[in-house]
Amino acid sequence: MKSEPDAFSWQDLWDAPKRTTFWDGVRNYQARNLLRDDIQEGDGVLYYHSRTKVPGVVGIAQVVQAGSPDPTQFDPKEPYFDPKARREEPTWYGVHIQAQGPLDEVVSLEQLKAEPKLAQMAVVQRGQRLSVQPVTAAEWKQVLKMGQYAGAGR
DNA sequence: GCCAACGTTGGC
DNA sequence: GCCAACGTTGGC
């Protein structure tokens, strides 16, 4: 999952109540499908900082509740308000995620691109802009290894 | 249903 | 701040 640290950083998630937040505001259909249909409770999350000096994976989170309707689509005061969204059949979804722990070493986009094992990873593909992207089990392991991830709760 | 115009994303 | 990439919009 990509976030711009100016908007909501890894530290913001870490400092949040129960280190948990609802990942809302996604307004892209491909990403919506992932949030609504594919992402399951218990899935691991690579937390990625974009539009920063060194973009890359900074921490590990976990999905603690699978997809549910994103309330901001119904609220005219919200920047993510969608006048076409209907409550009977919500257009946009989000998931609840909880921070597990920071990587010992940030794994930069540059490193991701340089690692042959990650050549197929979504985030290194040209023109890839989705804010939520799939990660395979092998990619997950490799990124944690590169980040010297030492486990949760620190 | 085509496609130009426009808006957004995000690395650089 | 630039601009390539790509999604969306809307006229026709």
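Atom set for the values below is all heavy atoms of this structure, side chains included, hydrogens, waters and symmetry mates excluded. So that the names make sense, note that chain A is the first sequence line, chain B the second, and so on, each numbered from 1. Not measured: the values here are computed from a predicted model.
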If you check the A:Gln30 side chain, which of C:dG7, B:dG11, C:dT8 turns out closest? C:dG7
Nearest-neighbour nucleotide for the A:Arg129 side chain, B:dT9, B:dG11, C:dT9 considered: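 Of the candidates, B:dT9 comes closest.
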Kindly compute the distance separating OH (A:Tyr80) from CG (A:Asp75), expressed to the nearest 0.5 Å.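 The OH atom of A:Tyr80 sits 13.5 Å away from the CG atom of A:Asp75.
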State the OG-NZ distance between A:Ser131 and A:Lys2, to the nearest 0.5 angstrom.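 With rounding to 0.5 Å, OG (A:Ser131) is 7.5 Å from NZ (A:Lys2).
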Measure [atom1]/[X] against [atom2]/[N] and give the value in whole Å, please.
{"X": "A:Gln133", "N": "B:dT9", "atom1": "CD", "atom2": "P", "value": "14 Å"}
{"X": "A:Leu112", "N": "B:dC12", "atom1": "CG", "atom2": "C1'", "value": "16 Å"}
{"X": "A:Tyr29", "N": "C:dT9", "atom1": "OH", "atom2": "C1'", "value": "12 Å"}
{"X": "A:Arg32", "N": "C:dT8", "atom1": "CZ", "atom2": "P", "value": "10 Å"}
{"X": "A:Tyr80", "N": "B:dT9", "atom1": "OH", "atom2": "P", "value": "8 Å"}
{"X": "A:Arg27", "N": "B:dT9", "atom1": "CZ", "atom2": "C1'", "value": "16 Å"}
{"X": "A:Leu130", "N": "C:dT8", "atom1": "CG", "atom2": "P", "value": "10 Å"}

Within residues 119-128 of chain A, the residues having a heavy atom closer than 4.0 Å to DNA chain C are A:Arg126, A:Gly127
Is A:Lys113 touching bases, backbone alone, or none of the nucleic acid, heavy atoms closer than 4.0 Å? sugar-phosphate
Do the two ring centres, one from A:Trp92 and one from A:Tyr29, sit under 6.0 Å apart?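 Yes, the ring centres sit under 6.0 Å apart.
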Taking the six-membered ring for Trp, is the centroid-to-centroid distance between A:Trp23 and A:Tyr47 below 6.0 Å? yes
A:Tyr93 and A:Leu130: same hydrophobic cluster, using ILVMFWY side-chain contacts below 4.5 Å?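 Unlinked, A:Tyr93 and A:Leu130 end up in two clusters.
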Is the backbone of A:Ile60 close enough, under 3.5 Å, to the side chain of A:Gln100 for a donor and an acceptor to pair up by distance? no
